[in-house]
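Keep in mind it's a predicted model, so treat the numbers as computed, not measured.
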Amino acid sequence: MPTIAKIIWTAGFVIGTITHCLDLFHGGWLPYDFWPLPWNIYWTSLTFLDPLAAVLIWARERLGVWLGVVIIASNVLVNGYTYLIGYEDFLFSLSLQCAFAAFVFFAAWEHSRAAKGEG
């Protein structure tokens with residue numbers, strides 16, 4: 001993966017990390033008590049998974065790519081569902097996540113093609 005793609009990838013997951021760290025700082029452990037416990041656990045887990053994806057893209061690229069895909073796909077699905085069932089405060093962050101997801105999916109696809117010798 002090109003260095004600029006890794007930098008964008010890292011920046012996106014670091015922004016997610018900061019967001020979740022701030023939520024923990026302001027709201028304590030499992031701060032998302034406005035939704036059921038599984039959502040709360042999921043969103044809190046991103047505090048640890050997002051920086052892992054940011055580090056792995058540099059240290060173990062293939063693993064970082066797949067972790068990043070799983071994180072952003074699940075994040076868009078969970079936040080999209082949350083938005084669709086009436087929590088409209090997620091619209092702005094969901095829009096940004098969808099844009100970042102498009103980048104992550106494209107980068108992963110290109111990474112996969114290059115690994116197969118197609119790129």
Novice: Quickly, which of Y32, F25, F48 forms a side chain to side chain contact (heavy atoms under 4.5 Å, CB included) with H20? Name it, please.
Specialist: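 For H20, the side chain to side chain contact (heavy atoms under 4.5 Å, CB included) test succeeds with only one of Y32, F25, F48, which is Y32.
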Novice: If you draw a 6.0 Å radius around CZ in F106, do more than 12 non-hydrogen atoms from other residues or ligands fall strictly inside?
Specialist: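 At most 12 heavy atoms, drawn from other residues, nucleotides or ligands, come within 6.0 Å of this atom.
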Novice: Locate the shortest heavy-atom distance separating L91 from Y83; write the atom from each residue and the value.
Specialist: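 Heavy atoms only, the tightest pair is CB-CE1, 3.7 Å.
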Novice: Has T44 got a side-chain atom pairing as donor or acceptor with I41's backbone, closer than 3.5 angstrom?
Specialist: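 Side chain of T44 to backbone of I41: no pair is present.
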Novice: Indicate, with yes or no, if W29 and L46 share a hydrophobic cluster defined by side-chain heavy-atom contacts under 4.5 Å among Ile, Leu, Val, Met, Phe, Trp and Tyr.
Specialist: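 They do not share one cluster, since no chain of ILVMFWY contacts under 4.5 Å joins L46 to W29.
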Novice: How many angstroms lie between atom NE2 of H111 and atom NZ of K6, to the nearest 0.5 angstrom?
Specialist: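 Rounded to the nearest 0.5 Å, the NE2-NZ separation comes out at 8.0 Å.
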Novice: Which value, rounded to the nearest 0.5 Å, describes the distance between L94 atom CG and L84 atom CG?
Specialist: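 That separation rounds to 8.0 Å.
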Novice: For residues F103 and W66: do they belong to one hydrophobic cluster (side chain heavy atoms under 4.5 Å, members Ile, Leu, Val, Met, Phe, Trp, Tyr)?
Specialist: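 Yes.
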Novice: How far apart are the closest heavy atoms of A108 and V65, and which atoms are they?
Specialist: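 What the structure gives for the nearest pair is CB-CG1, 3.6 Å.
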Novice: How about F105 and W109: are their ring centroids closer than 6.0 Å?
Specialist: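 Between W109 and F105, which both carry aromatic rings, the centre distance is not below 6.0 Å.
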Novice: Evaluate T47 against D23 for side chain to side chain contact (heavy atoms under 4.5 Å, CB included), listing each step before the verdict.
Specialist: CA-CA 9 Å; T47 308; D23 290 345; over 6 Å; no
Novice: One pair to check against side chain to side chain contact (heavy atoms under 4.5 Å, CB included): W58 and T3. What are the steps and the verdict?
Specialist: CA-CA 9 Å; W58 297 94; T3 301; 4.0 Å; yes
Novice: Angle class for the F13/W9 ring planes (parallel below 30°, perpendicular above 60°, tilted otherwise)?
Specialist: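 Plane angle between 30° and 60°, so tilted.
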Novice: What are the two closest heavy atoms between S74 and Y42, and how far apart are they?
Specialist: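 The answer is OG-OH, 2.7 Å.
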Novice: Of all the heavy-atom pairs spanning V76 and C98, show the shortest one and how long it is.
Specialist: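 Closest pair (atom of V76, atom of C98, distance): CG1-SG, 4.0 Å.
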Novice: Do V104 and I4 belong to the same hydrophobic cluster, where Ile, Leu, Val, Met, Phe, Trp and Tyr are linked whenever their side-chain heavy atoms lie under 4.5 Å apart, directly or via other members?
Specialist: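 They do share one cluster, since a chain of ILVMFWY contacts under 4.5 Å joins V104 to I4.
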Novice: Same cluster for V14 and L52 if Ile/Leu/Val/Met/Phe/Trp/Tyr side chains link at under 4.5 Å?
Specialist: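 No, V14 and L52 fall in different hydrophobic clusters.
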Novice: Do T82 and W35 have side-chain N/O donor and acceptor atoms under 3.5 Å apart?
Specialist: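 There is no such pair between these side chains.
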Novice: Donor-acceptor pair, E61 side chain versus M1 backbone, under 3.5 Å?
Specialist: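 At least one qualifying donor-acceptor pair exists.
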Novice: In the structure I gave you, are the side-chain heavy atoms of N79 and W43 within less than 4.5 Å of one another anywhere?
Specialist: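 N79 vs W43: side chains touch.
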Novice: Out of curiosity, L24 CG to T19 OG1, how far, rounded to the nearest 0.5 Å?
Specialist: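 Reported to 0.5 Å precision, the distance equals 11.0 Å.
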Novice: Please tell me whether L63 and V69 are part of a single hydrophobic cluster in this structure, the criterion being side-chain heavy atoms less than 4.5 Å apart.
Specialist: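 Yes, one cluster joins them.
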Novice: Report the C-alpha distance between F34 and W39 in whole Å, list the side-chain angles of each, state the deciding distance to 0.1 Å, and finish with yes or no for side chain to side chain contact (heavy atoms under 4.5 Å, CB included).
Specialist: CA-CA 9 Å; F34 52 91; W39 271 263; over 6 Å; no
Novice: With side chain to side chain contact (heavy atoms under 4.5 Å, CB included) as the test, would you mind laying out the steps for D50 and I71 before giving the verdict?
Specialist: CA-CA 7 Å; D50 282 353; I71 290 170; 3.3 Å; yes
Novice: Of the non-hydrogen atoms in L49 and L67, which two are nearest, and what is the gap between them?
Specialist: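 In this case the closest contact between L49 and L67 is O-CD2, 4.2 Å.
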